[in-house]
Amino acid sequence: MHKTINRLIVLTALQILAALPVNAAGPQIDKDSGLIVAPGFEEVKKTCTVCHSPMLITQNKADRDGWLEMIRWMQKNQGLRQLEPELEKIILDYLSTNYGPAATSRRPPLEVTFPE
Ligand code: HEC
């Protein structure tokens, strides 16, 4: 008797899991920062959100050169520190992949919050 119920529970759980669409809502968004969770996300969150809102990033689109230009501009004028080459590469990979010109049509889903 118990065994049957257990098996039923497991089966149902598996069916629910199987029915869940993978990535149904598009890219996964970090609740905290609004940044797309993808390789390089941790580095960007740590390096790029100390001075200003991550929205400056999420609202921008640029290719690799464009992002590099913005970084150089901040380094020259806004006190952004020199980034280690490896870190800079990770950040540029992340930005050009997730906030590149081609990403325009796949904006991250809006976060819906209801007032209490
Ligand atoms: C030392 C402080 C500092 C850090 C760290 C920093 N920024 Fe900025 N950034 C600024 C300032 C200041 C501005 C200008 C803000 C404004 O105009 O209100 C800015 C502006 C921007 C803009 C808007 C540029 C535009 O043309 O509108 C983007 C995009 C941006 N930052 C991305 C980044 C990214 C990506 C990183 C990580 C590599 C980063 N920032 C790290 C200081 C910083």
Side-chain angles (χ1 to χ4, degrees):
M1 177 62 186
H2 253 97
K3 262 203 170 132
T4 319
I5 291 180
N6 279 347
R7 215 172 275 161
L8 256 178
I9 292 173
V10 170
L11 249 178
T12 313
L14 283 177
Q15 279 165 345
I16 291 171
L17 276 178
L20 282 179
V22 179
N23 245 349
Q28 196 195 335
I29 304 297
D30 173 48
K31 279 219 161 64
D32 221 26
S33 62
L35 289 166
I36 294 173
V37 179
F41 154 72
E42 292 289 346
E43 286 84 351
V44 168
K45 189 175 175 183
K46 214 186 296 169
T47 313
C48 305
T49 64
V50 279
C51 297
H52 51 65
S53 155
M55 271 174 59
L56 279 185
I57 299 169
T58 57
Q59 290 177 345
N60 256 285
K61 304 232 173 281
D63 58 17
R64 200 182 181 84
D65 287 348
W67 280 113
L68 183 60
E69 226 170 84
M70 283 188 250
I71 288 176
R72 292 287 176 265
W73 171 80
M74 280 179 285
Q75 287 171 330
K76 192 157 182 272
N77 303 296
Q78 310 295 351
L80 174 59
R81 70 180 176 88
Q82 193 76 33
L83 305 172
E84 299 79 16
E86 185 54 29
L87 176 63
E88 188 169 275
K89 182 184 178 298
I90 291 171
I91 289 175
L92 283 173
D93 285 346
Y94 172 88
L95 293 171
S96 55
T97 303
N98 297 291
Y99 299 99
T104 318
S105 57
R106 301 255 9 226
R107 70 150 177 79
L110 297 176
E111 204 163 301
V112 182
T113 45
F114 297 99
E116 289 172 30

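FYI, side chains are in, hydrogens and waters are out, and symmetry mates aren't considered; it's all heavy atoms of this structure. Each ligand, and each atom within it, is numbered from 1 in the order the structure gives.
The number of heavy-atom neighbours closer than 6.0 Å to CD of Q75, taken from other residues, nucleotides and ligands shown, is above 12.
Taking E42 as the reference, nothing meets the salt bridge (Lys or Arg N to Asp or Glu O under 4.0 Å) condition, with sequence neighbours excluded.
Around ligand 1, the residues contributing at least one heavy atom under 4.0 Å from the ligand are T47, C48, V50, C51, H52, L56, I57, N60, W67, M70, W73, M74, Q78, G79, L80, L95.
One finds a salt bridge joining E88 and R72 here, because a Lys/Arg side-chain nitrogen approaches an Asp/Glu carboxylate oxygen to under 4.0 Å.
Ring-plane geometry between Y94 and F41 is classed as tilted, the angle between the planes lying from 30 to 60 degrees on a 0 to 90 degree scale.
When hydrophobic clusters are built by joining Ile, Leu, Val, Met, Phe, Trp and Tyr residues whose side-chain heavy atoms come closer than 4.5 Å, directly or via intermediates, M55 is not grouped with V44.
Annotation: the span from L92 atom CG to T97 atom OG1 amounts to 10.0 Å, rounded to 0.5 Å.
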